[in-house]
Amino acid sequence: MLVIKWLQNFRSMPYRILPVFFILASMLYSCKAPGPSLVSGDEPLRRAKNIVLLIGDGMGLPQISAALYSNNNKLNLEQFSIIGFHKPHSASDLVTDSAAGATAFACGIKTYNGAIGVDTDTMPCYTIMEELKSRGYATGLIASSTIVHATPAAFIAHQPIRVFYEDIAADFLKTDFDLLIGGGKRYFDRREEDDRNLYDELRQKGYLVSDYFKESLLEINPTAKRPFVYFTADKHPLTHSAGREYLPESTNFALTFLRRRSDTGFFLMVEGSQIDWGGHSNDGGLLVDETLDFDQAIGEALKFAKRDGETLVIVTADHESGGLALNPGSEMNNLNLVFTTNGHTAAMVPVFAYGPSAELFSGIYENTEIYYRMKQALGIADEMKASGQ
Ligand code: MG
Ligand code: ZN
């Protein structure tokens, strides 16, 4: 009714005051406070050239809180101002596993627990890492578990079951990439299912390949002329507290390396893999230490992004692990941590974003949206979604 009345007034408005009306209206419009951009994008967002996706496996809000309050109330994560939540459930279970969780980020689809880069019919999905490589981007994966473990694997491999580690390793030979740092050397060079030596095959493909047994990662300092693979362990790398040091350092190294590898841009996934294992073993000390190590890697990514200005940094988790609570009796740097399970939980997990198009990651959305919003941030239209499939 008000609108109709206003329109009637407008119609009867003398023509001589119309210019004043338009001037006032345009002044009002230009004074509009710059609110956060909507996902649908009524204001153009600045596009990202590079993306660093950091996944803390099992790093829910309690894990972040526990690390924060065990570290004198300080985390690099506090530097983020754009924060959202995703709903981590998978196609098969309200409580996801890391395979379905990573496939949601990598492909933008909900699939069944245990699926590595395949849909609910076990058909391969085209991952963001594969697509970006084909578009000329440099791509890389870093993990503090084996590199064939569910989270990194889902970005490049396509297998119906997550424990097919040797098949997953063989998939790394099918898709080009620029950098790989993680454990699991044995799945490449001491295989049980066939006589292939994937370590040598990678070399034959032109990769510079090395490992923990030969030389320290920090001593190599490879040029960006060749793609680079480094195995940090035969199977799983050590825990941080037992001496693993490479996650923050290799994140720092990888960012510069990947930038040199392509003028188009780069995509890097860094996983803090063992936060999850602290949840499974109900080991508060382990999960706090692993979260703090991962937070150091986050700090390296932020440092790079602040200097670079073209890099979008996203930090999230696939799910929470352990049903962790910071119970009464907790004090700063002395927490009473209790667990409700030795599995995962279904709670929503936070998403932190910094850099160009970071605004896209505020709000509450499905975990699959991470994939779509990363592509939107890069300015890559998704034909599948546009056609409603
Ligand atoms: Mg993982
Ligand atoms: Zn787990």
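Values in this document were obtained by computation on a predicted structure and should not be read as measured data. Note: hydrogens, waters and symmetry copies are ignored here, and every other heavy atom, side chains too, is used.
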**OP:** Drop me the distance from Thr232's OG1 to Leu238's CG, to the nearest 0.5 angstrom.
**Re:** 9.0 Å

**OP:** Locate the shortest heavy-atom distance separating Thr111 from Ser90; write the atom from each residue and the value.
**Re:** O-CB, 3.3 Å

Original post:
More than 12 heavy atoms of other residues, nucleotides or ligands under 6.0 Å from CZ of Arg260: is that the case?
Top reply: no

Original post:
Between Asp234 (side chain) and Gly184 (backbone), is there a donor-acceptor pair under 3.5 Å?
Top reply: no

Subject >> Set of residues satisfying salt bridge (Lys or Arg N to Asp or Glu O under 4.0 Å) with respect to Glu271, sequence neighbours excluded >> reply: none

Original post:
Should the ring pair Phe361 and Tyr365 be called parallel, tilted or perpendicular, given that the plane angle runs from 0 to 90° and is split at 30 and 60?
Top reply: perpendicular

Original post:
Residues in side-chain contact (heavy atoms from CB on, under 4.5 Å) with Ser281, at least two apart?
Top reply: Asp283, Leu286

Original post:
So does Arg47 have more than 12 non-hydrogen atoms from other groups sitting under 6.0 Å from CZ?
Top reply: no

Subject >> Side chains of Ser210 and Glu215, donor plus acceptor under 3.5 Å >> reply: yes

**OP:** Examine Val315 and Ile83 and state if one hydrophobic cluster contains both, with Ile, Leu, Val, Met, Phe, Trp and Tyr joined whenever side-chain heavy atoms are less than 4.5 Å apart.
**Re:** yes

Original post:
Stepwise, does the salt bridge (charged side-chain N to carboxylate O under 4.0 Å, His left out) test hold for Lys87 with Glu369?
Top reply: CA-CA 10 Å; Lys87 308 180 206 176; Glu369 279 296 315; over 6 Å; no

**OP:** For Asp308, check side-chain contact (heavy atoms from CB on, under 4.5 Å) against everything at least two apart and list the hits.
**Re:** Asn50, Arg259, Phe304, Glu310, Thr311

Subject >> salt bridge (charged side-chain N to carboxylate O under 4.0 Å, His left out) pairs, two or more places apart, involving residues 330-340 >> reply: none

Subject >> Donor-acceptor contact present, side-chain Gln63 to main-chain Gly60, <3.5 Å >> reply: yes

Original post:
salt bridge (charged side-chain N to carboxylate O under 4.0 Å, His left out): which pairs involve residues 95-124, sequence neighbours left out?
Top reply: Asp97-Arg162, Lys110-Glu366

**OP:** Search all heavy atoms of Thr146 against all heavy atoms of Pro152 and return the closest pair with its distance.
**Re:** O-CG, 3.8 Å

Subject >> Asn327 side chain to Val338 backbone, donor-acceptor under 3.5 Å >> reply: no

**OP:** Could you walk me through whether Leu45 and Glu359 pass the side chain to side chain contact (heavy atoms under 4.5 Å, CB included) test, one step at a time?
**Re:** CA-CA 8 Å; Leu45 287 166; Glu359 297 89 334; 3.6 Å; yes

Subject >> ILVMFWY cluster, Ile298 and Ile51 together (side-chain gap under 4.5 Å) >> reply: no

Original post:
Roughly how far, to the nearest 0.5 Å, is the CG atom of Leu268 from the CG atom of Leu258?
Top reply: 5.5 Å

Subject >> His344: partners by ring pair (Phe, Tyr, Trp, His ring centres under 6.0 Å), with sequence neighbours left out >> reply: His280, His319

Under 3.5 Å donor-acceptor pairs involving side-chain atoms of residues 221-229, not counting sequence neighbours:
{"from": "Thr223", "atom 1": "OG1", "to": "Lys225", "atom 2": "N", "distance (Å)": "3.3"}
{"from": "Arg226", "atom 1": "NE", "to": "Gly206", "atom 2": "O", "distance (Å)": "3.4"}
{"from": "Arg226", "atom 1": "NH2", "to": "Tyr207", "atom 2": "O", "distance (Å)": "3.2"}

Original post:
Can you tell me if Asn72 uses its side chain to pair, donor with acceptor, with the backbone of Lys74 under 3.5 Å?
Top reply: no

**OP:** Search all heavy atoms of Ala353 against all heavy atoms of Leu312 and return the closest pair with its distance.
**Re:** CB-CD1, 4.4 Å

Original post:
What are the two closest heavy atoms between Leu54 and Ala301, and how far apart are they?
Top reply: CD1-CB, 3.9 Å

Original post:
If only atom types and distance count, is the side chain of Ser330 paired as donor or acceptor with the main-chain N or O of Asn336 below 3.5 Å?
Top reply: yes

Original post:
Minimum heavy-atom separation for Thr151 to Ser98, with atom names?
Top reply: OG1-CB, 3.8 Å

**OP:** Sequence neighbours left out, what pairs pass disulfide (SG to SG under 2.5 Å) with at least one residue falling in residues 96-192?
**Re:** Cys107-Cys125

Original post:
Could you give the distance from CD1 (Ile275) to OG (Ser144), rounded to the nearest 0.5 Å?
Top reply: 7.5 Å

Subject >> Check: Glu166 main-chain N/O paired with Glu192 side-chain donor or acceptor under 3.5 Å >> reply: no

**OP:** Decide side chain to side chain contact (heavy atoms under 4.5 Å, CB included) for Val148 and Phe172; before the verdict, give the C-alpha distance in whole Å, the side-chain angles of both, and the deciding distance to 0.1 Å.
**Re:** CA-CA 9 Å; Val148 295; Phe172 281 78; 4.1 Å; yes

Original post:
Any donor-acceptor pair under 3.5 Å linking the side chain of Glu290 with the backbone of His240?
Top reply: yes

Subject >> Donor on one side chain, acceptor on other, Glu130 and His158, under 3.5 Å >> reply: yes

Original post:
Linking Ile, Leu, Val, Met, Phe, Trp and Tyr through side-chain heavy atoms less than 4.5 Å apart, which residues share a cluster with Tyr112?
Top reply: Val118

Original post:
Is the NZ or CZ atom of Lys235 both under 6.0 Å from the centre of the six-membered ring of Tyr165 and within 45° of that ring's axis?
Top reply: no

**OP:** Could I get the full list of ring pair (Phe, Tyr, Trp, His ring centres under 6.0 Å) partners for Tyr212, not counting sequence neighbours?
**Re:** none

**OP:** Could you tell me which non-hydrogen atom of Ser273 sits nearest to which non-hydrogen atom of Ser145, and how far apart they are?
**Re:** OG-N, 3.0 Å

Original post:
For Ala138, does its backbone N or O pair with a side-chain atom of Arg261 as donor and acceptor, under 3.5 Å?
Top reply: no

Original post:
Cut-off 3.5 Å, side chains only: do Thr345 and Glu320 have a donor facing an acceptor?
Top reply: yes

**OP:** Could you give me the CA-CA distance, side-chain angles and deciding distance for Lys133 and Asp178, then say whether side chain to side chain contact (heavy atoms under 4.5 Å, CB included) is met?
**Re:** CA-CA 9 Å; Lys133 187 65 199 166; Asp178 297 86; 2.8 Å; yes

Original post:
Is a donor on one side and an acceptor on the other found under 3.5 Å between the side chain of Ser92 and the backbone of Asn113?
Top reply: yes

**OP:** Answer yes or no: does atom CG of Asp263 have more than 12 heavy-atom neighbours from other residues, nucleotides or ligands under 6.0 Å?
**Re:** no

**OP:** Give the cluster check for Ile314 versus Leu132: same hydrophobic cluster or not, with ILVMFWY residues linked at side-chain heavy-atom distances below 4.5 Å.
**Re:** yes

Subject >> Residues clustered with Tyr126, ILVMFWY side-chain links under 4.5 angstrom >> reply: none

Original post:
In Å, rounded to the nearest 0.5 Å, how long is the span from OG1 of Thr127 to CD1 of Ile116?
Top reply: 12.0 Å

Subject >> Any side-chain heavy-atom pair of Leu292 and Val288 under 4.5 Å >> reply: yes

**OP:** Establish whether Leu378 and Val52 are linked, either directly or via other cluster members, by ILVMFWY side-chain heavy-atom contacts under 4.5 Å.
**Re:** no

**OP:** Any pair with a residue in residues 69-89 that passes ring pair (Phe, Tyr, Trp, His ring centres under 6.0 Å), sequence neighbours left out, goes on the list, sorted by first then second residue, please.
**Re:** Phe80-Phe352, His86-Phe105

**OP:** Would you sort out whether Val209 and Phe231 count as a side chain to side chain contact (heavy atoms under 4.5 Å, CB included), showing the intermediate values?
**Re:** CA-CA 8 Å; Val209 188; Phe231 295 105; 4.0 Å; yes

**OP:** Quick one: pull up CG in Leu61 and CD1 in Ile64 and give me the separation to the nearest 0.5 Å.
**Re:** 5.5 Å

Original post:
Counting N and O atoms only, with roles assigned by atom type, does the side chain of Ser70 sit under 3.5 Å from a partner on the main chain of Asn333, one being a donor and the other an acceptor?
Top reply: no

**OP:** Output the distance between atom CG (Asp293) and atom CG (Leu247), rounded to the nearest 0.5 Å.
**Re:** 5.0 Å

